[in-house]
Amino acid sequence: QVQLVESGGGSVQPGDSLTLSCATSGITFNRYAMGWFRQAPGKEREFVAAITWTGGSTFYADSVKGRFTISRDYVKNILTLSMNNLSPEDTGVYYCAAEGSGGSYYNGISYTYWGPGTPVTVSS
């Protein structure tokens, strides 16, 4: 059974940095593309960042490009999202997702497995 569990969310002020982690189990970590998504209150879930199964390529939403960095640790099987210069628009529940068939497509990648999410609030 695939399990994804996010952690690291919290309340911060604009301009602060925060790092989210996603612990994974039940998957061959180096064979799955991984992604981060977020959902603001009252809005649809949106793509944030993705990393290929080899870790060789990363993709970012325009809204976070240059501020967020996605990475993966193949030893600990952990997906990380480093967020810098946060703004109120970054507020939302952040979800970790893993590639799988028949899921929701974002930028050509189907994500089937999802974590429960970790909330991030950016406010003054």
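In terms of heavy-atom proximity, Glu99 sits nearest to Ile109 at CG-CG2, 4.1 Å. Glu6 and Gly117 make their closest contact through OE1-N, 2.7 Å (heavy atoms, listed as atom of the first residue, atom of the second, distance). In terms of heavy-atom proximity, Arg67 sits nearest to Ser87 at NH1-N, 4.3 Å. Across all their heavy atoms, Thr52 and Tyr74 have their closest contact at O-OH, 4.2 Å. Taking all atoms of both residues into account, the shortest heavy-atom contact from Leu81 to Ala49 is CD1-CB, 4.3 Å. In plain terms, the two heavy atoms of Ser123 and Pro14 that are nearest each other are O-CD, 3.3 Å.
Formation of a donor-acceptor pair under 3.5 Å by the Thr69 side chain with backbone atoms of Ser82 is not found in this model. In this structure, Thr118 contributes its side chain and Ser7 its backbone to no donor-acceptor pair below 3.5 Å.
Here the straight-line distance linking atom CG of Asp90 with atom CZ of Arg38 works out to 4.5 Å at 0.5 Å rounding. The distance from atom CG of Leu79 to atom CD1 of Ile70, rounded to the nearest 0.5 Å, is 4.5 Å. Here the straight-line distance linking atom CH2 of Trp114 with atom OG of Ser104 works out to 6.0 Å at 0.5 Å rounding. Put simply, CZ on Phe37 and OH on Tyr94 are 13.0 Å apart, with the number rounded to the nearest 0.5 Å. Here the straight-line distance linking atom CZ of Phe68 with atom CG of Leu18 works out to 9.0 Å at 0.5 Å rounding. For the atom pair CG (Asp73) and CD1 (Ile78), the distance works out to 6.0 Å, reported to the nearest 0.5 Å.
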Is there a side-chain contact (heavy atoms from CB on, under 4.5 Å) between Val122 and Glu89? Walk through the geometry before answering. CA-CA 8 Å; Val122 185; Glu89 289 71 29; over 6 Å; no
Starting from the C-alpha separation in whole Å, work towards a yes-or-no answer on side-chain hydrogen bond (donor to acceptor under 3.5 Å, both in side chains) for Thr24 and Asn77. CA-CA 6 Å; Thr24 68; Asn77 294 343; 4.9 Å; no
Set out, in order, the CA-CA distance, both residues' side-chain angles and the distance that settles side-chain contact (heavy atoms from CB on, under 4.5 Å) for Phe47 and Trp36, then state yes or no. CA-CA 7 Å; Phe47 168 78; Trp36 283 100; over 6 Å; no
May I have the step-by-step check of side-chain contact (heavy atoms from CB on, under 4.5 Å) for Val120 and Leu20, ending in yes or no? CA-CA 9 Å; Val120 173; Leu20 307 181; 4.0 Å; yes
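By the 30° and 60° cut-offs, the orientation of the rings of Tyr106 relative to Tyr111 is tilted.
In this structure, Val93 is not a member of the same hydrophobic cluster as Leu4, with clusters built from ILVMFWY side-chain heavy atoms closer than 4.5 Å. Residue Phe59 is not grouped with residue Met34 when hydrophobic side chains (ILVMFWY) are merged at heavy-atom distances under 4.5 angstrom, including chains of intermediate members.
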